[in-house]
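Accompanying notes for the structure given below.
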Amino acid sequence: MHMPNRRKFFNRLVAGTGMALLTGCDKLSNSKWFTEVLSSGESLSKHAHHLIANRKSMAQEFSEKDLSPDFRSNGTALPNNAEYQVMANNAFEDWKLTVGGLVVHAQAFTMADLQALPSRTQITRHDCVEGWSAIGKWTGVPLHEVLSHVKPLKRARYVMFYCADPMAADGTKLYYESIDLDDAYHPQTMLAYQLNDKTLPIKNGAPIRLRVERQLGYKQAKYIMRIELVDTFDHIAGGKGGYWEDSGYEWYAGI
Ligand SMILES: Nc1nc2c(c(=O)[nH]1)N[C@H]1C(S)=C(S)[C@@H](COP(=O)(O)O)O[C@H]1N2
Ligand SMILES: [Mo]
């Protein structure tokens with residue numbers, strides 16, 4: 001992944017949202033608070049997003065005729081992880097999703113448990129900062145359904161997703177991601193187990209992957225093994241809340 005290309009594409013994405021307009025507006029850049037936002041590159045995306053989109057707003061949904069013929073794979077296509085591959089060879093019958101941390105009732109969900117919960121289907125566009133988009137139909141369990149079973153404690157602020165795929169050649173640095181509770185309770189945020197009416201393929205993150213539709217591709221964690229509610233992620237991996245965030249990408253990757 002090349003930083004300049006990702007940045008270029010990000011700017012292109014942002015261009016359609018009115019952010020470019022805002023940054024070019026003299027009145028705004030003269031105001032103290034706006035200059036402060038601009039001077040902090042990391043929070044620009046989040047603050048600018050707040051200016052133009054309500055956190056409760058829905059991502060656009062599409063129709064069947066808009067579906068991409070093939071939803072390509074990006075990043076890991078098969079985790080280089082023996083334990084994962086054993087589970088994959090057995091159709092993930094032995095996979096369990098533990099949801100713990102700052103919750104009242106930590107719980108382990110089998111796929112059957114997750115599929116017994118209310119489901120949701122949505123057709124949305126995925127935008128990767130590397131310069132491609134695809135429209136896919138996702139079916140899964142809304143994350144708020146899972147959270148209502150485990151009951152987050154009052155001081156929980158983020159949901160962490162730990163994935164099966166090591167990103168370093170020596171098998172370390174597992175992919176991981178995090179979102180805040182606004183996004184966790186958003187109606188379109190789900191743990192998807194189907195893509196285009198079929199069992200989620202391994203290349204797209206089987207057995208489950210996150211869909212957090214108002215953010216960019218790298219937030220859509222694949223191969224989720226464990227979920228943890230936390231009040232801070234300062235002490236987790238590089239401390240920035242996600243694998244790509246640890247190497248400089250925005251934590252709030254609003255589209
Ligand atoms: N576990 C894991 N999740 C991941 C990645 C990855 O490499 N590993 N890549 C991210 C990136 S950059 C993108 S664009 C999407 C790609 O999803 P896809 O393979 O279904 O196209 O997954 C995201 N989630
Ligand atoms: Mo991506």
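Indexing begins at 1, ligand by ligand and atom by atom, following the structure's order.
When each atom of ligand 1 is checked for a heavy atom of Gly75 under 4.0 Å away, the hits are 7 (O). For ligand 1, the atoms sitting less than 4.0 Å from at least one non-hydrogen atom of Cys128 are 14 (S), numbered in the order shown with element in parentheses. The distance from ligand 1 to the heavy atoms of Lys203 drops below 4.0 Å at these ligand atoms: 19 (O). Numbered from 1 in the order shown, with element, the atoms of ligand 1 that lie under 4.0 Å from a heavy atom of Tyr218 read 10 (C), 11 (C), 12 (S). If you number the atoms of ligand 1 from 1 as listed, the ones under 4.0 Å from a heavy atom of Phe71 come out as 20 (O), 21 (O). Heavy-atom contacts of Tyr223 reach the following atoms of ligand 1: 1 (N) (cutoff under 4.0 Å). When each atom of ligand 1 is checked for a heavy atom of Cys163 under 4.0 Å away, the hits are 1 (N).
Checked against the 6.0 Å centroid threshold, Tyr84 and Tyr223 count as a close aromatic pair.
One option in Met225, Arg72, His126 has a heavy atom closer to atom 21 (O) of ligand 1 than any other, and that option is Arg72. Summarising the contacts of atom 22 (O) of ligand 1 with Arg209, Glu130, Lys219, the nearest heavy atom is found in Arg209. Considering Asp165, Asn74, Leu200, Leu174 only, the shortest heavy-atom separation from atom 8 (N) of ligand 1 involves Asp165. Of the candidates Tyr175, Phe161, Trp244, Trp132, Tyr175 brings a heavy atom nearest to atom 4 (C) of ligand 1.
By the 4.0 Å N-to-carboxylate-O rule, Asp70 lies close enough to Lys203 to be salt-bridged with it. Between Asp127 and Arg125 a salt bridge is recorded (basic side-chain N to carboxylate O distance below 4.0 Å). Ion pairing of Glu250 with Lys240 is absent here, as no side-chain N (NZ or NE/NH1/NH2) approaches a carboxylate O to less than 4.0 Å. Using a 4.0 Å cut-off between charged side-chain N and carboxylate O, Asp197 and Lys137 make a salt bridge. Taking the charged nitrogens against the carboxylate oxygens, Glu130 and Arg72 have no contact shorter than 4.0 Å, which rules out a salt bridge. A salt bridge links Arg214 with Asp183: at least one charged nitrogen is closer than 4.0 Å to a carboxylate oxygen.
With a heavy-atom cut-off of 4.0 Å, Gln220 touches ligand 1 through its backbone alone.
By the criterion of side-chain heavy atoms lying less than 4.5 angstrom apart, applied directly or through intervening Ile, Leu, Val, Met, Phe, Trp or Tyr residues, Met87 is grouped together with Leu191 in one hydrophobic cluster.
Polar contact with ligand 1: present for Thr76 (N/O pair, distance under 3.5 Å).
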Give the intermediate values and the outcome of salt bridge (charged side-chain N to carboxylate O under 4.0 Å, His left out) for residues Glu177 and Arg226. CA-CA 11 Å; Glu177 257 304 339; Arg226 183 164 70 87; over 6 Å; no
